[in-house]
Protein chains: 2
Amino acid sequence: MSRKKEDGKETARAPSAKTGRKQPTSYDVARLAGVSQSAVSRAFSNNGYVSPEARKKITAAAVQLGFRPNALARGLITRRSRLVGVVVADLYYSFYVSILHQLSGALRASGFHALLFSIPSSENIDAMITDVLAYQVDGVIMSSARLSSRAPGLCRDAGVPVVTMNRIVDDSSISAVATDNRGAGRMVGEFLQAGGHRRFGFIAGLDDSSTSRDREAGFRDALAQAPAVAQGGFTYDGGHRAALDLMLGANPPDAIFCASDIMAMGALDALRFDLGLTPGEDVSVVGFNNAAEAAWRTYDLTSVTASAEELSQRAVEILAELIEDPDLAPQREFLPGQLVLRSSARMPENWPLDGGGNVAAAAGDIKDS
Amino acid sequence: MSRKKEDGKETARAPSAKTGRKQPTSYDVARLAGVSQSAVSRAFSNNGYVSPEARKKITAAAVQLGFRPNALARGLITRRSRLVGVVVADLYYSFYVSILHQLSGALRASGFHALLFSIPSSENIDAMITDVLAYQVDGVIMSSARLSSRAPGLCRDAGVPVVTMNRIVDDSSISAVATDNRGAGRMVGEFLQAGGHRRFGFIAGLDDSSTSRDREAGFRDALAQAPAVAQGGFTYDGGHRAALDLMLGANPPDAIFCASDIMAMGALDALRFDLGLTPGEDVSVVGFNNAAEAAWRTYDLTSVTASAEELSQRAVEILAELIEDPDLAPQREFLPGQLVLRSSARMPENWPLDGGGNVAAAAGDIKDS
DNA sequence: GATTGATATGCATTCGAATGCATATTCTCG
DNA sequence: CGAGAATATGCATTCGAATGCATATCAATC
């Protein structure tokens, strides 16, 4: 309210910040408003009866004192912290970034707050779970390519609802929201065949990644003959090398589906700069995730989009339901991917085959500063 | 410990998850171990005396019951939540991503946990601060290009230490850790002049962004004549347009410094595809942040690196000190940027001028899945 | 043997908000 | 007017761990 303005002397002590500053409590507000602490509590938690006048006095007193309810104390007594643990590994995977942003927003909209745990490669997840649980989180959302299938079970066993996002574990008692990777792979296969391609390549991510495996499986479902496969490890360099492997091998493909956009970009650069080919004419390339960079002129990459927003929203919705009623059956939901058409892959004459599944939309803008 | 294995029936109820599962408390542990609750508390908080035997019994009992101290209750009584609010806007700015990852790790290493608030453009920051404070965070780290200068003050006035990261506000009572943007801008100016360039362009970010302003100021410091300036808004498209503006204007530059890598990539694509020029030969381009994409073949962008790791670590260190002693003077620290040399800018004959400030290092890998 | 200090333990209280219960007041309607 | 519901308020207790204080035990020292 009335911070003293001081001149910019920066000697030894901070300008304001009265050391012993104590937060006002509901009792302080009650005293000032001339009511009981219960009344203050009821006013702020919107539970029980509070007369209009009392509420007015309480609000005024609260504002005057700068009172805000202590979420820790509230959580202790209600046994609801309104905290949700968000566990991600590999935050540098670009797709997880938008997930995180969307997730934070969706949680807030539902009155929750995100306790973030970004797992460094070195650390073991189980130790982190301990920390997560110590904060009495109401639920946990896990999203990570390197997620041990044990981690979600640990939470579930502690009675804390879990939803895995963009990632599924074998345990069917764990709720999950993910892109329908297999269906999307199938769609890409149909798309490339409709474009007249006949020799296919697939650039895979990591061996233990279900996303990559499922995309490949769907791709195979759709194809008349099996694709050549190379490992790209989900990196630009890996995609670059994998593309060279495929193109320099016997019977090089005329269409390549990459399990991620980053690898697709590496592949595009290999085709153009190392092999002198023109993507979209000599060879078609399709990626996955519709990363922001896919829309850049250099790449103009046809890609499957998995909406981070939609995934996040569903994950939070499902988690919120599970928190409401922990006995609810686990839900596993698979959102369809959509093909974003750009110039890196030849456009079939008649597409879509059935009227749905692809969009012309652009990727979200990406910035830095 | 002994979860019943059930067959995969997924009807209406979840397989395990005994509904009323209650977390064991320190009293339960005490009873089982045959000691007092105080002893259990002392054993887990490592405060006060606990005999080796007692500790052993307590540990055994705790393991048996699956006890973990309730962080909320602990925070309530100790008045230390070990939570740190991390406020970022614009999570999609790629540089903030690595900051977030590094930050989460650094906080954990210091025994803190990150309560994440990612501000959607629509929302006002002040409302969010209320939430942050309600959780009795021990401190706040703010990092955002769209950070109102009022927000840090709100926390400080509530007695909560704040450190702004990669961003500074005018108020000198707020601690900050940032790259020495002005010094880095100067370095880029010297570098480009040493490379024999004489007509300079600068692609700016946002008007109200101190990072962009400071980089420009340093750049001007170093130059004999003022650069032409265009606005790029920190986006790829913005950089693309800005580069065209500069190059198609009167007296086009032969060297362009961009306030961020994303804009630099837009600029590079404009030069190559729209104007048919060769970066590094016809025109030199330098970016800022050393984003992962800067190392990609397509761009091979010379850029200034600001280490997210170093920034994060210092921010957490400073914050931890402030939490220890809130009366400590605010610290404002500026870490030097380093030039990462690649082919997008012509290499001067004798560089570095003074032996320091540039590195050959590559950017970290980026992945997606 | 008496004194001191270090070690160990438990009791009771505390943190701040929520809530069951009892009670008081007002309103509604037969 | 009186019975009963709806509204309003406060008291006392509760959540779970930490800690000041009192006390107990033991070893070292004079």
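Note on naming: letters A, B, ... go to the chains in the order of the sequence lines (proteins, then strands), and numbering restarts at 1 for each one.
- To the nearest angstrom, P of dC15(C) lies 12 Å from CG of Asn70(A).
- Within the structure, a side-chain polar atom (N or O) of Arg79(B) is placed less than 4.0 Å from OP1 or OP2 of dG16(C).
- Contact check, Ser36(A) against dG10(D): a side-chain N or O comes under 4.0 Å of OP1 or OP2.
- Atom-to-atom, CZ of Arg42(A) to P of dC21(C) comes out at 13 Å; the value is rounded to the nearest Å.
- Between Thr78(B) and Ala54(B), it is Ala54(B) whose nearest contact on DNA chain C lies nearer the 5' terminus.
- Atom pair Ile58(B):CD1 and dA18(D):P shows a separation of 12 Å (rounding to whole Å applied).
- As a whole-Å value, the separation of Leu76(B) CG from dA18(D) P is 11 Å.
- Comparing dG10(C), dC11(D), dA17(D) against the side chain of Val35(B) picks out dG10(C) as the nearest.
- Between Val316(B) and Ser110(B), the shortest heavy-atom contact is CG1-OG, 3.6 Å.
- One finds a side-chain N or O of Asn47(A) lying less than 4.0 angstrom from the OP1 or OP2 phosphate oxygen of dT19(C).
- A straight line from CD of Gln136(A) to P of dA17(C) spans 19 Å, rounded to a whole angstrom.
- Closest approach to the Ser26(A) side chain among dG10(D), dA17(C), dT13(C) is made by dA17(C) (side chain taken as heavy atoms from C-beta onward).
- The shortest distance between the side-chain N/O atoms of Thr25(A) and the OP1/OP2 oxygens of dG16(C) is not below 4.0 Å.
- The side chain of Ile77(B) approaches dA18(D) more closely than any other nucleotide in the set dA18(D), dC15(D), dT9(C).
- Comparing atom distances between the Ser45(A) side chain and each of dA12(D), dA18(C), dA17(D) picks out dA18(C) as nearest.
- When only modelled atom types and interatomic distance are considered, Gln136(B) and Gln23(A) share no side-chain donor-acceptor pair under 3.5 Å.
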*Going through the checks in order, is the salt bridge (Lys or Arg N to Asp or Glu O under 4.0 Å) test met by Glu317(A) and Arg314(A)?*
CA-CA 5 Å; Glu317(A) 277 171 32; Arg314(A) 282 304 296 150; 2.2 Å; yes
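- Only one option out of Asp138(B), Val137(B), Leu322(B) pairs with Val160(B) in a side-chain contact (heavy atoms from CB on, under 4.5 Å); it is Val137(B).
- Within 4.0 Å (heavy atoms only), Val40(A) reaches no atom of the nucleic acid at all.
- When rounded to the nearest whole Å, the span between CD of Glu53(B) and P of dT7(C) equals 15 Å.
- Rounded to whole Å, the distance from CZ on Phe67(B) to C1' on dC15(D) is 14 Å.
- The phosphate of dA8(C) has neither OP1 nor OP2 within less than 4.0 Å of any side-chain N or O from Ser51(B).
- Map Gly48(A) and Gln37(A) each onto its nearest nucleotide of DNA chain D; the residue landing nearer the 5' end is Gly48(A).
- Across all their heavy atoms, Val50(B) and Ala43(B) have their closest contact at CG2-N, 3.7 Å.
- Atom pair Arg82(B):CZ and dA18(D):P shows a separation of 13 Å (rounding to whole Å applied).
- Closest non-hydrogen pair, Arg55(B) versus Asn46(B), comes out as NH2-OD1, 3.2 Å.
- Looking at heavy-atom distances under 4.0 Å, Pro24(A) makes no contact with the nucleic acid at all.
- Listed pair Tyr49(A) / dT7(D) meets the phosphate criterion, a side-chain N or O lying under 4.0 Å from OP1 or OP2.
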